[in-house]
Amino acid sequence: MQKIIEMKDITVFREGTQVFNGLTLEITRGCSTVILGPNGAGKSTLLKLLTREIYPLEGNGSCIRVFGRELWNVWELRAHFGIISSDLQQEYAGHARGMDVILSGYYSSIDTHAHQLFSAKDKERAAKVMDLLGVAELADRPFAAMSTGEQRLFLLGRALVNDPDALILDEPTSGLDLKSCFQYLHIVRRLMRSGKTVILVTHHIHEIPPEVSRVVFLKGGRVIADGVKTEILTSESLSDLFDTPIKLVQANGFFQAMPGGRSQELF
């Protein structure tokens with residue numbers, strides 16, 4: 001099975017602070033995976049390593065390979081990885097029309113620009129993606145005039161227009177109301193069932209779709225657990241990961257974290 005991500009003995013410093021020391025992680029194609037951890041675990045640094053925004057220290061035997069290659073043209077890589085993050089949503093141009101948000105995925109740009117050329121096939125593909133996501137009626141609406149959920153769907157469409165080999169979702173339902181959250185997760189599940197590999201990076205338990213088969217716990221810049229979801233995701237392991245008593249409940253293939261232990265008086 002092709003390895004999408006292969007990290008070996010990775011050490012990373014950010015602003016003088018060591019985030020990773022000897023991190024090793026592999027994710028193969030076809031194995032949808034959640035990387036779960038508290039704030040400060042190193043999740044955002046991991047994403048920036050994959051998008052080549054930051055680089056690890058060079059060391060004997062250390063390497064990062066994406067789809068089997070260590071060296072990539074950044075723009076070419078982004079066509080293989082569809083990445084949707086809250087940072088991208090905050091940075092995206094508010095005046096961009098919905099259709100242009102989708103088309104910008106061909107160039108990994110923020111909005112489209114006069115020098116960028118789009119064929120009739122490109123535009124047809126963008127229209128099909130909007131139909132798939134149920135947002136075709138918003139093709140002419142400015143990004144800033146959309147709801148948070150609508151913006152998130154258009155950024156997903158921006159990633160999908162290239163038909164990437166894998167999708168990386170960074171806390172995809174953060175800021176969404178329940179209806180938008182459920183709609184978004186329904187679409188993600190449909191993509192996984194169609195064969196798309198999804199890598200979910202989050203600290204939200206409810207975001208983990210039933211189709212995710214592997215769970216990686218990241219804490220303090222280290223992988224502290226890695227394995228089959230049904231074996232790794234337990235009340236005890238989550239309590240250790242988040243340093244607080246947690247009771248894990250399950251319904252319809254989804255999980256939710258509830259306060260564990262005895263409730264304490266606030267006053």
Residues passing the salt bridge (Lys or Arg N to Asp or Glu O under 4.0 Å) test with Lys48, sequence neighbours excluded, are Glu53
Check the pair Thr173 / His206 against side chain to side chain contact (heavy atoms under 4.5 Å, CB included), numbers first and verdict last. CA-CA 9 Å; Thr173 69; His206 73 270; 3.2 Å; yes
Among residues at least two apart in sequence or on other chains, which ones pass side chain to side chain donor-acceptor pair (under 3.5 Å) with Ser104? Tyr92, Arg158
For the residue pair His113 and His115, categorise the inter-ring angle as parallel (less than 30°), tilted (30 to 60°) or perpendicular (more than 60°). parallel
Start with the C-alpha gap between Arg214 and Asp226, add the side-chain angles, then the distance that decides, and say whether side chain to side chain contact (heavy atoms under 4.5 Å, CB included) holds. CA-CA 7 Å; Arg214 178 186 173 200; Asp226 181 357; 2.7 Å; yes
If hydrophobic residues (ILVMFWY) are linked whenever their side-chain heavy atoms come closer than 4.5 Å, directly or via other members, who joins Val249 in its cluster? Met258
Identify the heavy atoms of Ala126 and Ile102 that sit nearest to each other, and give their distance. CB-CG2, 3.6 Å
Closest heavy-atom pair and its distance - Thr148, Gln89: O-NE2, 3.4 Å
Inter-residue atom distance Leu50.CG - Ile5.CD1, 0.5 Å rounding: 4.5 Å
Do any side-chain atoms of residues 34-47 form donor-acceptor pairs under 3.5 angstrom with protein atoms, and if so which ones, sequence neighbours left out?
{"unit_1": "Asn39", "atom_1": "OD1", "unit_2": "His203", "atom_2": "ND1", "d": "3.4"}
{"unit_1": "Lys43", "atom_1": "NZ", "unit_2": "Gly37", "atom_2": "O", "d": "2.9"}
{"unit_1": "Lys43", "atom_1": "NZ", "unit_2": "Pro38", "atom_2": "O", "d": "2.9"}
{"unit_1": "Thr45", "atom_1": "OG1", "unit_2": "Arg14", "atom_2": "NH1", "d": "3.0"}

Close side-chain approach of Leu25 to Val216, heavy-atom, < 4.5 Å: yes
Is the backbone N or O of Asp177 less than 3.5 Å from a side-chain atom of Ser180, with the two atoms forming a donor-acceptor pair by type? no
Mind checking ring-ring contact (aromatic ring centres under 6.0 Å, His included) for His186 and listing every partner two or more places apart, or none if nothing turns up? none
More than 12 heavy atoms from other groups under 6.0 Å of NZ on Lys8: no
Flag the pair Val188 / Lys196 as yes when at least one side-chain heavy-atom distance between them is below 4.5 Å, and no otherwise. no
Linked, directly or transitively: Phe182 and Phe254 (ILVMFWY side chains, under 4.5 Å): no
What about Phe67 and Phe81, are their ring centers closer than 6.0 Å? yes
About how many Å separate CE of Met130 and CG of Leu160, when rounded to the nearest 0.5 Å? 12.5 Å
For Leu200 and Pro172, which heavy atoms make the closest approach, and how far apart are they? CD1-CD, 3.3 Å
Enumerate, atom names and distances included, each donor-acceptor pair closer than 3.5 Å involving a side-chain atom of residues 133-147, sequence neighbours excluded.
{"unit_1": "Asp140", "atom_1": "OD1", "unit_2": "Arg97", "atom_2": "NH1", "d": "2.5"}
{"unit_1": "Ser147", "atom_1": "OG", "unit_2": "Glu150", "atom_2": "N", "d": "3.1"}
{"unit_1": "Ser147", "atom_1": "OG", "unit_2": "Glu150", "atom_2": "OE1", "d": "3.4"}

Could I get the full list of ring-ring contact (aromatic ring centres under 6.0 Å, His included) partners for Tyr107, not counting sequence neighbours? Phe118
With rounding to the nearest 0.5 angstrom, report the OG to NZ distance, Ser32 to Lys229. 10.0 Å
If hydrophobic clusters are built by linking Ile, Leu, Val, Met, Phe, Trp and Tyr wherever their side-chain heavy atoms come under 4.5 Å apart, do Leu233 and Val198 end up in the same one? yes
What are the two closest non-hydrogen atoms of Cys31 and Thr197, and how far apart are they? O-CG2, 4.0 Å
Are the side chains of Ile246 and Ser235 in contact, using a 4.5 Å heavy-atom criterion? no
Within the side chain of Asn162, is there an N or O that forms a donor-acceptor pair under 3.5 Å with the backbone of Gly105? yes
For Gln116 and Ser109, which I'm curious about, is there any donor-acceptor pair between the side chains at under 3.5 Å? yes
Value rounded to 0.5 Å, distance of CD in Gln256 from CD1 in Ile208: 10.0 Å
Would Tyr55 and Leu49 count as a side chain to side chain contact (heavy atoms under 4.5 Å, CB included) if you check the C-alpha gap in whole Å, the side-chain angles of each, and the deciding distance to 0.1 Å? CA-CA 6 Å; Tyr55 291 85; Leu49 282 171; 5.7 Å; no
Quick check: is Leu169 connected to Ile27 through a chain of hydrophobic side chains (ILVMFWY, heavy atoms under 4.5 Å apart)? no
Gap separating the CG atom of Asp111 from the NE2 atom of His95, nearest 0.5 angstrom: 4.0 Å
Going by salt bridge (Lys or Arg N to Asp or Glu O under 4.0 Å), name the residues that satisfy it together with Lys219, two or more places apart in sequence or in a different chain. Asp243
Using distance alone, with no hydrogens and no angle criterion, decide if Glu171 and Thr202 have a side-chain donor and acceptor under 3.5 Å apart. no
Assigning hydrophobic clusters by single linkage (Ile, Leu, Val, Met, Phe, Trp, Tyr; side-chain heavy-atom cutoff under 4.5 Å), is Phe217 placed with Leu23? no
Are any of the side-chain heavy atoms of Ile54 and Phe13 separated by less than 4.5 Å? no
Arg29 side chain reached by Asp165 side chain, heavy atoms, under 4.5 Å: yes
Can you find a heavy atom in the side chain of Asp163 that is under 4.5 Å from one in the side chain of Arg125? yes
List for me each residue that meets salt bridge (Lys or Arg N to Asp or Glu O under 4.0 Å) alongside Asp240, sequence neighbours excluded, and say none if there are none. none
Taking all non-hydrogen atoms of both residues into account, name the closest pair between Pro164 and Ala159 and its distance. CD-O, 3.2 Å
Drop me the distance from Ile205's CD1 to Phe242's CZ, to the nearest 0.5 angstrom. 5.0 Å
If we only count heavy atoms from C-beta on, is the Thr11 to Ser62 side-chain gap below 4.5 Å? no
Could you go step by step and tell me if Thr24 and Met7 meet the side chain to side chain contact (heavy atoms under 4.5 Å, CB included) rule? CA-CA 5 Å; Thr24 295; Met7 295 184 174; 6.0 Å; no
Taken in chain and number order and not counting sequence neighbours, the residues that satisfy salt bridge (Lys or Arg N to Asp or Glu O under 4.0 Å) with Arg190 are none
Pairs flagged by ring pair (Phe, Tyr, Trp, His ring centres under 6.0 Å) wherever residues 29-51 is involved - sequence neighbours left out: none
Within the supplied structure, the quantity of interest is the number of heavy atoms (other residues, nucleotides, ligands) at a distance under 6.0 Å from Arg189 CZ; does it exceed 12? yes
Mind listing the closest non-hydrogen atom pair of Phe20 and Ile10 along with its distance? CB-O, 3.6 Å
Output all residues satisfying side-chain contact (heavy atoms from CB on, under 4.5 Å) with Lys128, sequence neighbours left out; order by chain, then residue number. Glu124
ILVMFWY cluster, Ile83 and Leu167 together (side-chain gap under 4.5 Å): no
pair Thr112-Tyr106: side-chain heavy atoms closer than 4.5 Å: no
